[in-house]
Amino acid sequence: LQEEVQAELTDLASLLDRDEDAWVVTRRVQQMRERLEELIERTESLAEETVGRDRSELSDAEREAIDDLSSKQAEESEEAQQLIEELQERAESLDQADPAQAAGLRAAAREAEQAELDEKMEEASDSSRNNQLQQANDAQQDAAEALDRMLEEIEESRKAQVEEIQRRIASLVESLKGLVSASETELIELARMGDEPDVKDINRRSQEMIRINGNTLSVSADARVAGNQGARIARSIDRAVRSQGAAIGNLRSDPVNLADARDDEERALASLKEALAAAEEEAERLAEQQADEKRRALMSAYTEIIGREANVLSETKEIQPKDGDRLGRRGLVVSRRLSLDQAEISKRLLDIREEFSEITDSLVFSMTHRNIDAWSELVSVRLKEGKPDTETTDRELMIIEALSGLLAALDEQQQDENPFEEPGQEGGAAGGESGEGQPQPLIPPIAELKALRSMQQQILDLTRRLDTVRPNLP
């Protein structure tokens, strides 16, 4: 027992070291990206203030601000050099313990080198010092894009690692189920043997138990490469291996010790069931983790589209002619540009539906997407025709409201609330909700109910708007 506790502590320490290595360097990339965003904003602000003037024409305060900016950019150039070195060092330290994470960090370092991250920031610093702020900002934008790609490399590597571990755990679960079944069968056969079993029967049972023992050893090896929890599962399997070995020894002893062999095989079966329970728990945890990540990605995509549509709506209202007026030349140019923006939104929505197949599987979500597609196409056509009128802005608002409804429906913090529950009813899962212990799907039944309720509210709001705008209609 003491050895097992020590092994648990060793595994935990190793896991914490690996996670800390990856987290620290990833956070360093994120922090540099955040600082760079601030520098971009400062550069753009200074460029507007000093446009068209040489350094000699600037005030002392302006020169001081530019010099400070240049100094900060030079510091980021040095930080980029150190970051590349740390990525490479951390990757090397993780090569044996966590090859997937190591590959992600190494890919990020390679991306930084190919994009000449440190040189771009040095170029930005030199350009700023000479009051060439547009060139400085171009270099900074290149650096920012490189940092984004670096973070993508790390994230893609992490996702690939999770998928591989899921595959291994799923395989481990199936293997353990087979071992449990074989062990249960063997116990039945041992129970059928009398107090003075035949030598041939003893040999058959010994050979079968040796076969099961070999398979158990193989599954233990598989468990050790099945993610962070694999070592814990392997220790339970190893206990089964030892008990199986003892059972085989008791069967092959002279005289045969059948009672002890049965007891040993019972202990082996208990250890295998323990390992199976742990593997199933880990498979469920990984499935839930993947579903959570996918849900957050879908929510992020919806948030992005809502922001873009809100910009289209705002600009449409700005060029909307007053009653009786015609749309001017400038307004027509803007309207046609917004038509292209709306078409891009339509394309992005299609990409989202293809990326998240669960949307198509959900009746309410797929229906909402079809409505949004139709509204978006209509908006694009009307803007292209130079019609930024109330009908167009109504559809733009409907797109925002519909997407906001889907976004709210996916919010896990609100999914315990049944939108159709009568006052005074006890809360709880809606009909068809996944049972306890089952990982939630990307779009659980309660999310569909919330989305349906949102659609109903949107229809009600639209009806009220129509009554307000067109009160004289029959």
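Under 4.0 Å is where a charged nitrogen must lie from a carboxylate oxygen, and between Glu282 and Arg232 no such pair does. Salt bridge present: Arg158 and Glu293 bring a charged side-chain N and a carboxylate O closer than 4.0 Å. With respect to the salt-bridge test (charged N to carboxylate O, under 4.0 angstrom), the residues Glu34 and Arg27 qualify. Salt-bridge check for Lys120 with Glu116: failed, with every basic side-chain N at 4.0 Å or more from each acidic carboxylate O. One finds a salt bridge joining Glu304 and Arg308 here, because a Lys/Arg side-chain nitrogen approaches an Asp/Glu carboxylate oxygen to under 4.0 Å. Between Asp126 and Arg129 there is a salt bridge, since at least one side-chain N of the basic residue sits less than 4.0 Å from a carboxylate O of the acidic one. Ionic pairing of Glu37 and Arg33 is present here: one or more N-O contacts between side-chain nitrogen and carboxylate oxygen are shorter than 4.0 angstrom. Asp68 and Lys72 are not joined by a salt bridge, as no carboxylate oxygen comes within less than 4.0 angstrom of a charged side-chain nitrogen. Arg63 and Asp60 are joined by a salt bridge, as a carboxylate oxygen and a charged side-chain nitrogen come within less than 4.0 angstrom of each other. Salt-bridge annotation for Glu152 and Arg149: absent, with no side-chain N of the basic residue lying under 4.0 Å from a carboxylate O of the acidic one. Under 4.0 Å is where a charged nitrogen must lie from a carboxylate oxygen, and between Arg106 and Glu92 no such pair does. Salt bridge status for Arg382 with Asp389: present, with a side-chain N to carboxylate O gap under 4.0 Å. A salt bridge is defined here as a Lys NZ or Arg NE, NH1 or NH2 lying under 4.0 Å from an Asp or Glu carboxylate O, and Arg348 with Asp351 fails to meet this definition.
Other residues, nucleotides and ligands contribute over 12 non-hydrogen atoms within 6.0 Å of the NZ atom of Lys294. Within 6.0 Å of CD on Glu64 lie no more than 12 heavy atoms contributed by other residues, nucleotides or ligands. Within 6.0 Å of CD in Gln30 there are more than 12 heavy atoms belonging to other residues, nucleotides or ligands.
The shortest non-hydrogen separation linking Ile169 to Ala279 is CG2-O, 3.6 Å. Residue His369 comes nearest to Tyr302 through the heavy atom pair NE2-OH, 2.8 Å, listed as atom of the first residue, atom of the second, then distance. Contact detail for Gly331 and Ile319: the closest heavy-atom pair is O-CD1, 3.6 Å. The two residues Thr43 and Ala136 come nearest to each other via the heavy atoms CG2-CB, 4.4 Å. Of all non-hydrogen atoms in Gly386 and Leu327, the two that sit nearest each other are O-CD2, 3.5 Å.
Counting only distance, with no hydrogens or angles, the side chain of Glu57 and the backbone of Asp54 share a donor-acceptor pair below 3.5 Å. Between the side chain of Ser339 and the main chain of Ser335, no donor-acceptor pair closer than 3.5 Å is present. Although no hydrogens or angles enter the test, the distance criterion places no donor-acceptor pair under 3.5 Å between the side chain of Ser300 and the main chain of Arg296.
Between atom CG of residue Leu36 and atom CD of residue Glu145 there is a gap of 10.5 Å, rounded to the nearest 0.5 Å. In this structure, OG in Ser157 is found 7.5 Å from CG in Leu105, a value given to the nearest 0.5 Å. To the nearest 0.5 angstrom, Trp375 atom CH2 is 10.0 Å from Leu397 atom CG. How far CD of Gln135 is from OG of Ser128: 9.5 Å, rounded to the nearest 0.5 Å. Interatomic distance, CD1 of Ile400 versus CD1 of Ile372, reported as 10.5 Å (0.5 Å rounding). The line from CG of Leu87 to CZ of Arg28 is 8.5 Å long, rounded to the nearest 0.5 Å.
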Check against side chain to side chain donor-acceptor pair (under 3.5 Å), Gln134 and Asp138: CA-CA 6 Å; Gln134 183 57 54; Asp138 289 344; 3.0 Å; yes
Worked verdict on Arg353 versus Asp373 for side chain to side chain contact (heavy atoms under 4.5 Å, CB included): CA-CA 11 Å; Arg353 196 158 65 247; Asp373 289 343; 2.9 Å; yes
Verdict with supporting geometry, Arg285 and Gln289, side chain to side chain donor-acceptor pair (under 3.5 Å): CA-CA 6 Å; Arg285 187 191 68 80; Gln289 175 184 322; 3.2 Å; yes
Side chain to side chain donor-acceptor pair (under 3.5 Å) evaluation trace for Glu396 with Thr316: CA-CA 9 Å; Glu396 292 168 349; Thr316 304; 3.0 Å; yes
Criterion side chain to side chain donor-acceptor pair (under 3.5 Å) on Gln342 and Ser376, from CA distance to verdict: CA-CA 7 Å; Gln342 190 66 49; Ser376 185; 2.8 Å; yes
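Judged by distance alone, the side chains of Asn137 and Gln140 do bring a donor and an acceptor atom under 3.5 Å apart. Counted by atom type alone, Glu86 and Gln81 present zero donor-acceptor pairs between their side chains at under 3.5 Å.
Put simply, the residue from Leu298, Thr303, Ile305 that forms a side-chain contact (heavy atoms from CB on, under 4.5 Å) with Leu407 is Thr303.
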